[in-house]
Amino acid sequence: MFAHLRRVMQPQERRGLAMIKIPTEDGNNDEQKWETVVDTQRIEEILLERNQKHYGQARGTPFTTGELGELVGISGTTTESDRVIDGDYNTDHLLPAASAILQELRRGRHLPAIDSRISYEQYKDGWERWNEATSTSPSGRHLGHYKTLLLPLPDDENNLGEQLLRIHHNMLRIAQAREVPYERWTHETEVMLEKDPGDPKLDRLRIICLYEADYNLFLKIMWAHRLIRSAEDNGLLGETQGGGRPYKRANDVAIRKQLSYAYSRITRTNLGCADFDATACFDRIVAALALLCARSYGMPKDACKLHGITIDRMRHHIKTAMGVSTAFFQSRENERLFGSGQGSAGSMPLWTTLSVILFKAIRRLCTHELAMTNPDGTVTSNRSTDAYVDDTTNVLGDQRWNIDGKEIEETELSKRLTEQAQAWADILHTSGGKLNLKKCLVYLIVYEWKNGEPQQVSKADMSTEIKIRNEPNAEPEIIDLKDPTEAHRTLGTHQSPSGDMTTQAMVLRKKGRTYTAKFSTLKKMSKYKVWTAYTSMLRPALEYPLSTTTLSKRQIELYHRPMVRAVLGALGINRRFPRTVAHCPTELLGIGISHPYTVQGIKQVTEMVR
């Protein structure tokens, strides 16, 4: 049923890549021209070359070469890396960013080590919990083959399924004990997804990797479960990074940003805010550094070595509409590849733990932060960075700032924000990452008094610029300065420092029209399917941002009224049905169609007490 509803409500092209568009040499900066390629062999050659360059983007950054490259090796398990973990490595001669990172990698003396042994019961439970629809295993050992061994067979007194599963479990234990991956673990298939459906431009393709199921299960147990759980239990992850952690949501980070804006408006505190996006986040991870980070959180050496060697030996194949390529590319001595791969169960935990170390390292380079104080000054909340995966926001401001008896002004605010932003760019570059400066933006929220009323200074009245460089010797680039009234999209919501909700209302209205049109096609479906489409697709899509919004009732009604008429019509109910009964809960014999204005209030209250 859900598959049918997705095809109707959210149609997507499921076939493999049958053609690509590559830029031609006769294009220019104003209008790039594209050539369409449909020959299978040429597509494979182009994609193999493109992806090989893609995974080499981190090459040349500090932890991939020279002293630091030798320090981390390929798995973060060298003798020198042991000294880093123990806090005995001298960092005085290193650049500040590298020194800050290594100092944060010292393991706490009382931090318990993570157990690398995987029992049969844990191995079996991993297969039971895994959704069989997940694509895996280039070798053909699909997830379903393993799950079949969990099922009892008729007249099977010897329980052959369990015996075979125990053999597979022993094979995993052998790989761990020898710290050497199986040959089939070192092959992965790369599925190319179009970021813009129907327009497969070479620079707008996303790589999703398919790994062997048992290898990915090993990563899931050791990194996604044990590493993250241990780090949470020992309070190592803090509050900065919300991605890849249990009970943390993107909404939490979006709400913190909205509260920062609201605090600035209420207290008239000048605020600096910079939003950053990391280029090819997972595909630029220097695995050896990330594994060394995992060791500092208690991950045992043998698990890190097995993971690191597997990544280093990985052979990358391409999958298109015509099948999987026999040709491949892999890391070589003089042409190392990096990245942990989207699709790996270890990628998100690696980035989560690594990014927390990087955010802590920023504090060693720059101490600017946002201080939010209660009215009587007895309680202060300090923070400098909010992040969800690779979407990062730097903030700074303090109601208590005072220079010559007046609030910090625009030039000083921009100077401090530049220092904070540059610290993040330097730390990220040192770790192997890079900012996508075209997607970065900043707000300078400065107040001036006109006719006794505080007003936020517009972008047109500002004379400063925020410039940062992505690499030590690169030319500084200007970051897009937004007007305080101009909303930007962040984590599924549209926010502006001025608190204006016009852009968010327009986005919801457009989305509401789309769903209204789709519901008009559901009249021939059963009432149960229609109601399921409403509760599981329409409501979540339209109600998601409401915990961060202050939409007026009129703004909500503009998209909600047509939607209610469409839902009632699809349910076979008169479109003029009394709205009081339509919005009444089913427990009180109403239909149970929620009203977004009510949901907005409920969400905001529950977020505050959550």
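The structure displayed is predicted, hence computed values, not measured ones.
Using a distance-only test at 3.5 Å, with no hydrogens or angles considered, a donor-acceptor pair links the side chain of His145 to the main chain of His142. Although no hydrogens or angles enter the test, the distance criterion places a donor-acceptor pair under 3.5 Å between the side chain of Arg284 and the main chain of Gly432. A donor-acceptor pair is defined here as one N or O able to donate and one able to accept, closer than 3.5 Å; such a pair exists between the side chain of Gln57 and the backbone of His54. In this structure, Thr503 contributes its side chain and His494 its backbone to no donor-acceptor pair below 3.5 Å. A donor-acceptor pair under 3.5 Å is absent between the side-chain atoms of Ser75 and the main chain of Gly308, judged by distance alone. Between the His368 side chain and the Val395 main chain, no donor and acceptor come within less than 3.5 Å of each other. Side-chain atoms of Asp115 come within 3.5 Å of backbone atoms of Arg117 as a donor-acceptor pair (strictly under, hydrogens ignored). With Glu190 contributing its side chain and Lys319 its backbone, the two residues share no donor-acceptor pair below 3.5 Å. Between the Asp86 side chain and the Asp88 main chain, no donor and acceptor come within less than 3.5 Å of each other.
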Practice task
Go through the steps for Ile427 and Leu365 under the test side chain to side chain contact (heavy atoms under 4.5 Å, CB included), then give the verdict.
Solution key: CA-CA 9 Å; Ile427 289 289; Leu365 304 183; 3.7 Å; yes
Practice task
Mind running side chain to side chain contact (heavy atoms under 4.5 Å, CB included) on Lys248 and Glu239 for me, showing each step along the way?
Solution key: CA-CA 10 Å; Lys248 299 286 185 180; Glu239 294 297 327; 2.9 Å; yes
Problem - Test log, rule side chain to side chain contact (heavy atoms under 4.5 Å, CB included), inputs Lys124 and Glu121 - result: CA-CA 5 Å; Lys124 179 180 178 182; Glu121 288 71 23; 5.8 Å; no
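No donor-acceptor contact under 3.5 angstrom links the side chains of Ser296 and Arg106, judged on distance only. In summary, the side chains of Gln600 and Thr549 do present a donor paired with an acceptor at a separation below 3.5 Å, with no hydrogens or angles considered. A donor and an acceptor atom, one from each side chain of Thr493 and Gln495, are located under 3.5 Å apart. Arg364 and Gln103 share a side-chain donor-acceptor pair at under 3.5 Å. Side-chain polar atoms of Asn374 and Thr378 form a donor-acceptor pair below 3.5 angstrom.
To the nearest 0.5 Å, atom CG of residue Leu546 and atom CD1 of residue Ile602 are 10.5 Å apart. Here Asp398 contributes atom CG and Asn382 contributes atom CG; the two are 7.5 Å apart, rounded to the nearest 0.5 Å.
Using a cut-off of 4.0 Å between Lys/Arg side-chain N and Asp/Glu carboxylate O, Arg141 and Glu212 are scored as not salt-bridged. Using a cut-off of 4.0 Å between Lys/Arg side-chain N and Asp/Glu carboxylate O, Arg249 and Glu607 are scored as salt-bridged. Between Glu132 and Lys147 no salt bridge is recorded (no basic side-chain N to carboxylate O distance below 4.0 Å).
Annotation: side chain to side chain contact (heavy atoms under 4.5 Å, CB included) contacts of Ser498 (sequence neighbours excluded): Gln456, Thr485, Ser496, Asp500. Listed by chain and residue number, Trp127 satisfy the ring pair (Phe, Tyr, Trp, His ring centres under 6.0 Å) test with Trp130 (two or more places apart in sequence, or in another chain). With sequence neighbours excluded, the residues forming a side chain to side chain contact (heavy atoms under 4.5 Å, CB included) with Ile74 are Ile309, Asp312, Arg336, listed by chain and number. Among residues two or more places apart in sequence or in another chain, the side chain to side chain contact (heavy atoms under 4.5 Å, CB included) test is passed with Ser384 by Arg363, Glu369, Gln420. Listed by chain and residue number, nothing satisfies the ring pair (Phe, Tyr, Trp, His ring centres under 6.0 Å) test with Tyr297 (two or more places apart in sequence, or in another chain). With sequence neighbours excluded, no residue forms a side chain to side chain donor-acceptor pair (under 3.5 Å) with Thr550. Ser344 is linked by a side chain to side chain contact (heavy atoms under 4.5 Å, CB included) to Tyr211, Asn216, Leu219, Ser347, counting only residues two or more places apart in sequence or in another chain. Applying the side chain to side chain donor-acceptor pair (under 3.5 Å) criterion to Asp302, with sequence neighbours excluded, gives Ser116.
Contact annotation: the side chain of Val72 never approaches that of Ser81 to less than 4.5 Å [non-hydrogen atoms, C-beta and beyond]. Side-chain contact between Leu143 and Ser137 is absent, with no heavy atoms from C-beta onward closer than 4.5 Å. Thr91 has its side chain out of reach of Val84: every pair of non-hydrogen atoms, C-beta onward, lies at least 4.5 Å apart.
Taking all atoms of both residues into account, the shortest heavy-atom contact from Leu210 to Pro138 is O-CG, 3.4 Å.
Every pair passing side chain to side chain donor-acceptor pair (under 3.5 Å) that includes a residue from residues 349-362 is listed here, sequence neighbours excluded: Gln241-Ser355. The list of side chain to side chain donor-acceptor pair (under 3.5 Å) pairs with a residue in residues 218-229, not counting sequence neighbours, reads Gln122-Arg226. Note on residues 425-437: pairs passing side chain to side chain donor-acceptor pair (under 3.5 Å), not counting sequence neighbours, are Gln422-Asp426. Among pairs with a residue in residues 256-267, those fulfilling side chain to side chain donor-acceptor pair (under 3.5 Å) read Arg256-Asp386, Lys257-Asp275, Lys257-Thr393, Lys257-His488, Lys257-Thr490, Ser260-Arg383, Tyr263-Gln399, Ser264-Tyr447, Thr267-Thr269, at least two apart in sequence or across chains.
Ring geometry, Tyr120 versus His169: the interplanar angle exceeds 60°, so the pair is classed perpendicular (tilted spans 30 to 60°).
Heavy atoms of other residues, nucleotides or ligands lying less than 6.0 angstrom from NZ of Lys439 number 12 at most. Residue Arg83 qualifies as enclosed at atom CZ: its count of foreign heavy atoms under 6.0 Å is above 12.
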